[in-house]
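So the structure is just underneath, and the comments pick up after that.
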Amino acid sequence: MTVIIGFEGSANKIGIGIIRDGEVLSNPRRTYITPPGQGFMPSDTARHHRAVILTVLKEALEEAGLKPADIDGVAYTKGPGMGAPLVTVALVARTVAQLWGKPLLGVNHCVGHIEMGRLITKANNPTVLYVSGGNTQVIAYSERRYRIFGETIDIAVGNCLDRFARVIKVKSKISNDPSPGYNIEQMAKKGTQYVELPYTVKGMDVSFSGILSYIEEAAHKMLSSDQCTAEDLCFSLQETVFSMLVEITERAMAHCGSQEVLIVGGVGCNLRLQEMMGVMCKERGAKLFATDERFCIDNGAMIAQAGWEMFRSGQVTKLEDSWITQRYRTDEVEVTWRD
């Protein structure tokens, strides 16, 4: 049996997970939460990760009931992500691999999400919608690569929602706990009036920066003149951006002749997005696969799972190649473990 430990820390989550042949043995995680109205800076995030990473590592081993000798390989997020947090986590993973005498496995963060989604949902060969704070991509597998069919041409959908949460002035600013996107989702459930917003789909690609600029400007005017509520704006933003995502996913499905959709990434937890995608899938006679916040949101187990696949197919990372990179596209990875 192959046991892989995975280190994830590309953004504000630090997670360490252990996988044994498709079974999640442990997956503890910590989140760096900033005050309302603020984002997270790379240096502060890295400081947070440094402070807790050894505690999380100890938790992961204890929860799994394993000793370092039981581990076969050490996987870590090579990229993409924020530079300082990535370096912090890679440094610990490299040190642990050398102390324990185990091979290193540098994992693409996006591929980690896809492999975790495939493992948990048992989806066979889905069209993947990967949506998070840093990424928005529609992906399908072909000839040893995860091919990107469409993506955002500016900011990610999660970033659009998070930034809106920071500027909108309600009685008090929207909290970053557990995440701004989650709190927008809860507010959107109370929205009743749809406010028309720019809808920007360009072929297979989407753009969110214009919608964000428009709603930021309109929000202050509309809220101060009581034309709508903050809840209405959250509802309208969600409906618009999710409609765009459903449209490009459906187009990719038609192109690939696919009958499965898998939603991964932090925004994939959003039940409204899952509901809208479900309606489209039902109309096409297709199946929708999604996971909950344990595996949608950045976690160590997803890096361990991608590392497990790499390890089993004979792909390991030499120590001199165990650097990190903030830019690392999904289609740069040779998927040696799939036919």
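Only a predicted model underlies this, so the values are computations on that prediction, with no experimental measurement involved.
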(message) Would you compute the distance between atom CD of Gln227 and atom CD of Gln193 and round it to the nearest 0.5 angstrom?
(response)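 Answer rounded to 0.5 Å: 8.5 Å.
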For [X] and [Y], work out which heavy atoms get closest and say how close.
{"X": "Leu262", "Y": "Gly117", "answer": "CD2-C, 3.8 Å"}
{"X": "Met222", "Y": "Val195", "answer": "CE-CG1, 3.7 Å"}
{"X": "Ala252", "Y": "Val138", "answer": "CB-CG1, 3.5 Å"}
{"X": "Thr325", "Y": "Leu86", "answer": "O-CD1, 3.8 Å"}
{"X": "Ala75", "Y": "Ile4", "answer": "CB-CG2, 4.0 Å"}
{"X": "His49", "Y": "Thr88", "answer": "CB-CG2, 4.1 Å"}

Would you check if there is a donor-acceptor pair between the side chains of [Y] and [X] at a distance under 3.5 Å?
{"X": "Glu332", "Y": "Tyr146", "result": "no"}
{"X": "Thr45", "Y": "Asn12", "result": "no"}
{"X": "Tyr130", "Y": "Asn135", "result": "yes"}
{"X": "Asn108", "Y": "Arg329", "result": "no"}
{"X": "Thr136", "Y": "Thr152", "result": "no"}
{"X": "Arg312", "Y": "Thr2", "result": "yes"}
{"X": "Glu115", "Y": "Trp308", "result": "no"}
{"X": "Thr317", "Y": "Tyr76", "result": "no"}
{"X": "Asp154", "Y": "Ser207", "result": "yes"}
{"X": "Thr330", "Y": "Gln137", "result": "yes"}
{"X": "Gln238", "Y": "Asn270", "result": "yes"}

Following the transitive rule for hydrophobic clusters with a side-chain heavy-atom cut-off under 4.5 Å over Ile, Leu, Val, Met, Phe, Trp and Tyr, establish whether [X] and [Y] coincide in one cluster.
{"X": "Leu197", "Y": "Val131", "result": "yes"}
{"X": "Ile184", "Y": "Phe208", "result": "yes"}
{"X": "Ile303", "Y": "Ile53", "result": "no"}
{"X": "Phe7", "Y": "Val333", "result": "no"}
{"X": "Val89", "Y": "Leu99", "result": "yes"}

Considering only heavy atoms from C-beta outward, does the side chain of [X] approach that of [Y] to under 4.5 Å?
{"X": "Phe40", "Y": "Met82", "value": "yes"}
{"X": "Arg338", "Y": "Asn125", "value": "yes"}
{"X": "Met253", "Y": "Val261", "value": "yes"}
{"X": "Glu185", "Y": "Leu271", "value": "yes"}
{"X": "Asp162", "Y": "Phe164", "value": "no"}
{"X": "Gln305", "Y": "Arg118", "value": "no"}

(message) Whether Arg272 engages the ring of Phe242 as a cation-pi pair (distance to the six-membered ring centre under 6.0 angstrom, angle to the ring normal within 45°) should be assessed.
(response)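 Relative to the ring axis of Phe242, which defines the angle, Arg272 lies outside at least one limit.
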(message) Show, in sequence, the C-alpha distance, side-chain angles and deciding distance for Arg29 and Glu293, and conclude whether the salt bridge (charged side-chain N to carboxylate O under 4.0 Å, His left out) test is met.
(response) CA-CA 12 Å; Arg29 176 173 61 201; Glu293 74 283 348; over 6 Å; no
Measure from the side-chain N and O atoms of [X] to the backbone N and O of [Y], and report whether any donor-acceptor pair falls under 3.5 Å.
{"X": "Arg145", "Y": "Asp331", "value": "yes"}
{"X": "Asn299", "Y": "Pro28", "value": "no"}
{"X": "Asn183", "Y": "Ile174", "value": "no"}
{"X": "Glu8", "Y": "Ser10", "value": "yes"}
{"X": "Asn27", "Y": "Ala301", "value": "yes"}
{"X": "Arg251", "Y": "Val246", "value": "no"}
{"X": "Lys102", "Y": "Ile71", "value": "yes"}
{"X": "Thr229", "Y": "Asp232", "value": "yes"}
{"X": "Arg284", "Y": "Ser258", "value": "no"}
{"X": "Asn176", "Y": "Thr34", "value": "yes"}

(request) Identify whether the distance between the nearest side-chain nitrogen and carboxylate oxygen of Glu334 and Arg144 falls below 4.0 Å. (result)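 Yes.
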(message) Can you tell whether the side chains of Lys202 and Asp205 come within less than 4.0 Å, N to carboxylate O?
(response)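 Asp205 and Lys202: not salt-bridged.
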[X] atom [atom1], over 12 foreign heavy atoms within 6.0 Å:
{"X": "Glu217", "atom1": "CD", "answer": "no"}
{"X": "Trp323", "atom1": "CH2", "answer": "no"}
{"X": "Tyr214", "atom1": "OH", "answer": "no"}
{"X": "Lys282", "atom1": "NZ", "answer": "no"}
{"X": "Asp339", "atom1": "CG", "answer": "no"}
{"X": "Tyr182", "atom1": "OH", "answer": "no"}

(request) Applying salt bridge (Lys or Arg N to Asp or Glu O under 4.0 Å), name anything that partners Arg147, two or more places apart in sequence or on another chain. (result)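 If we apply the salt bridge (Lys or Arg N to Asp or Glu O under 4.0 Å) test to Arg147, skipping adjacent residues, there are no hits.
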(request) Check whether the ring centres of His255 and Phe149 lie less than 6.0 Å apart, and answer yes or no. (result)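 Distance test on ring centres: under 6.0 Å, yes.
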